[in-house]
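Here is the structure we will look at, set down as structure tokens.
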Amino acid sequence: MITKCSLPSVVFNLSHAHFKTQNYNHPLRARAALPDPLSCRLHSCSDADSLVSFLIFALGKCSSASYCEAVHARVLKSASYGHGFIGDQLVSKYVAVGCEKHAEKLFDEIPEKDLVSWNSLISGFSRKGCLAKCLYAFRRMRNEAFMNPNEVTLVSVISSCADVKALDEGRSIHGLSERLGMLMEVKVVNSLVNMYGKCGKLGAACHLFEVMPVRSLVSWNSMIAVYAENESPMEGISCFTLMRRSGIQPDDATLVALLQACESVGSIRLLESIHCVICCRGFYRQMSIMTALSSLYAKTGRLDASHRVFLEIRNPDSIAWTAMLAGYAAHGYGSEAVTLFELMVKKGMMPDHVTFTHLLNACSHSGLVEEGKWYFRTMLELYGVEPTLDHYSCMVDLLGRSGFLEDAYELIKSMAMEPNSGVWGALLGACRIYRNDELGKEAAEHLINLDPSDARNYIVLSNIYSAVGLWKDASEMRALMKENFVARLPGCSYIEHGNKIHQFVVGDRSHPLSHMIYTKLTELIGKIRRAGLTPKTEFVLHDVDEESKEDMINEHCEKLAISFGILVTNPGRTLIIRKNLRICGDCHSFAKMISLIEKRTIIIRDPKRFHHFTDGICSCADYW
DNA sequence: CTAGGGTTAG
């Protein structure tokens, strides 16, 4: 006998008898027996226990709202909410698929709510990143039901605080955990360590880690990740050494955290040594590690190595494809990124919002205006990806950079959400290229409102004013900057050599080889002059850069780093340099000419992208 | 026997 379900599209496909004979606890069997829960038929079950077991199992297989409703309807018909905890399961599933209202309503209908019921609701909200709802449920639990949280409750709430960097709330849960004597629980402390790390409180995280009675593998992993996230990569690596000395075997999370630490150090040598560890210990089978590794090679300037690692991944998932795509995008290979995207879709991968962010970014940096517009239009229709602020930033950048300033502005005005600094920053960037003081002023005003302490916004606007001859406005911007006590971030370049990262600032004379570096620099500038390659103003951004004109352009840190690199490495070796601010127009020309004269490939990474200089041209084609 | 996320990849 077949019973109809309340929703027409949802029919189950297994008889109860069939279901019972199968060992449904075995994941492989279960998958084979129930390939697609949405298209299955449910025969009536004689006893409620098996029905509930089946429903719980089926619920875990699918994640759509209509499916939850179908199961819900079935529960109302022949079982109680308390039966096999089906009510709790439904609550967490409803939250997971985004039906918070259904979840809350159902939750209130559950007659005897125990701790697990509350935890289902709280952890559900936590996972969805709804800190407010999560905390609200947590307070209700304590104030209405007079229940004390257990370790699961605390971990959920603390993780939620970590996700949204809610330090104050996190601290108060920390205090509560202490009062309840829960700081003996490893899991609770681990999530606290993570929370403090995410909130930038390295000291608090370290202290907790040091005093915790028992440290698990996860504790060490969390601590390494916290170091890596808080600009203390070397400490993260020493932490790894200590972990090994305590006899703890690393797992995939350890390696991923270590790779992150490498990224902060910016050391390719270190990255290569960790690559060796990965190969030796057989970690190369783990997708998360390989994805992180591929991404790290790209971020440290070695797109070729990144691609090789990607090719080693057996069945790359959507995240791995996106990582590769992001690499191409950052290095300015727009059409390659587009090809890669089409290929991943052809392979059946489902692109998500991150994929589209990088794809649009790639289009923008390569001037693929039509392609970018098309993907932006179709991402919702074809892939169900709602545009976010990041996507709008990319599109404003794409339109603005290619000269359609008004279109970019119109797009901002058409947005349903409040534009953030990324969006206005993209517009301001375009205004500085095309020296549009009117729109630039509006963008900069928004930006200064959003973050008055960011020096770049004042400088860019001031430079735009200078460029169009509005000297008074320009000096007013400088004055405003002083008034707001904003300090300009000093430009800084890094280059790795001989097991060390060498750092240079403008006019730096602190390096032990300083004298030779300056001699080399003078020699290089002389060579450029003699070759008749005087920098022309062909570069649109010339003399409007983040570091002001007052700086001694000839002693900019990029030039020092390049001179040092040429001085200490063999002829023909590629130089890889990182910079904390965007490269200035003059240094960009300098790098191009040096790449030609010295026959060197120079790769410079700025906060926005990579520049590959070879034979006198840059991969960005002077198009930022 | 025991429902309910400790960390980690784009």
Side-chain angles (χ1 to χ4, degrees), chain A residues 52-53 56 59-60 82-93 95-96 114-128 134 149-160 162-163 185-195 197-198 205 209 212 214-226 228-229 243 250-261 263 278 283 286-296 298-299 306 309-310 313 316-330 344 349 351-359 361:
Chain A
V52 166
S53 306
I56 288 177
L59 206 51
H83 208 136
F85 320 104
I86 184 72
D88 302 337
Q89 301 264 356
L90 264 173
V91 168
S92 48
K93 208 68 198 178
V95 181
D114 61 4
L115 186 55
V116 176
S117 312
W118 284 99
N119 285 347
S120 301
L121 189 69
I122 292 169
S123 77
F125 286 141
S126 166
R127 278 201 143 180
K128 292 296 281 184
C134 180
N150 69 355
E151 75 280 3
V152 176
T153 330
L154 293 173
V155 162
S156 294
V157 183
I158 295 166
S159 304
S160 186
D163 286 344
E185 291 286 338
V186 192
K187 294 181 182 183
V188 173
V189 184
N190 288 345
S191 52
L192 281 170
V193 167
N194 175 46
M195 185 276 293
K198 290 280 188 308
F209 180 76
M212 67 193 293
V214 186
R215 290 185 201 113
S216 65
L217 169 63
V218 179
S219 315
W220 287 98
N221 289 348
S222 307
M223 199 59 232
I224 296 172
V226 167
E229 288 161 3
M243 166 184 168
D251 70 350
D252 54 336
T254 321
L255 269 291
V256 169
L258 271 181
L259 286 168
Q260 281 187 327
E263 211 258 308
I278 289 169
F283 279 122
Q286 301 237 19
M287 185 117 60
S288 60
I289 293 178
M290 293 304 271
T291 304
L293 186 63
S294 168
S295 161
L296 259 289
K299 283 180 188 163
S306 164
V309 172
F310 175 72
I313 303 177
D317 64 1
S318 163
I319 297 180
W321 280 95
T322 304
M324 194 64 252
L325 180 68
Y328 278 118
M344 80 175 265
M349 296 298 137
D352 66 5
H353 65 107
V354 185
T355 319
F356 278 103
T357 304
H358 292 296
L359 180 63
N361 189 28

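In the text below, chain A, chain B and the rest are named by the order of the sequence lines, each starting its count at 1.
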For A:K187, side chain to side chain contact (heavy atoms under 4.5 Å, CB included) partners two or more places apart: A:V155

Side-chain donor/acceptor contact of A:S219 with base of B:dG6 under 3.5 Å: no

Length of the CG-C1' vector between A:L90 and B:dG4, whole Å: 15 Å

Length of the line joining A:N221:CG and B:dT7:P, which is rounded to integer Å: 11 Å

Pair A:S126-A:S159, side-chain donor/acceptor within less than 3.5 Å: no

A:K187 side chain, from C-beta outward: closest of B:dG6, B:dT8, B:dG10: B:dG6

Touch class at under 4.0 angstrom, heavy-atom based, for A:S222 against every strand present: sugar-phosphate

Donor + acceptor pair across side chains of A:D88, A:S117 (<3.5 Å): yes

Options B:dG4, B:dG6, B:dT7, nucleotide nearest the side-chain atoms of A:N194: B:dT7

Sugar-phosphate, base or nothing in reach of A:V186, heavy atoms under 4.0 Å: base

Side-chain N or O of A:Q260 closer than 4.0 Å to phosphate OP1/OP2 of B:dA9: yes

Short side-chain N/O contact to B:dG10 OP1/OP2 from A:K299, under 4.0 Å: yes

Interatomic distance, A:L293 CG vs B:dT8 C1' [rounded to whole Å]: 14 Å

Donor-acceptor pair (no angle test) under 3.5 Å: A:T322 side chain, B:dG10 base: yes

Backbone N/O of A:W220 and side chain of A:R215: donor-acceptor pair under 3.5 Å: no

Pair of N/O donor and acceptor under 3.5 Å linking B:dG10 base with A:D352 side chain: yes

Polar pair under 3.5 Å, donor/acceptor by atom type, side chain A:T355, base B:dG10: yes

Touch class at under 4.0 angstrom, heavy-atom based, for A:V256 against every strand present: sugar-phosphate

Sugar-phosphate only, base, or nothing, as touched by A:S295 at under 4.0 Å among non-hydrogen atoms: sugar-phosphate

Sugar-phosphate, base or nothing in reach of A:L217, heavy atoms under 4.0 Å: nothing

Integer-rounded Å distance: B:dG10 C1' and A:H358 NE2: 6 Å

Touch class at under 4.0 angstrom, heavy-atom based, for A:T153 against every strand present: nothing

A:N190 CG to B:dT8 C1', straight-line distance once rounded to whole Å: 13 Å

d(NE2, A:H353; C1', B:dG10) in whole Å: 10 Å

Set of side chain to side chain contact (heavy atoms under 4.5 Å, CB included) partners for A:S295, sequence neighbours left out: A:K299, A:A323

Between A:T153 and A:N150: side-chain donor-acceptor atoms closer than 3.5 Å: yes

Touch class at under 4.0 angstrom, heavy-atom based, for A:A253 against every strand present: base

Distance in angstrom units between A:F283 CZ and B:dT8 P, rounded: 17 Å

A:Q286 side-chain N/O to B:dA9 phosphate OP1/OP2 under 4.0 Å: no

Touch class at under 4.0 angstrom, heavy-atom based, for A:M287 against every strand present: base

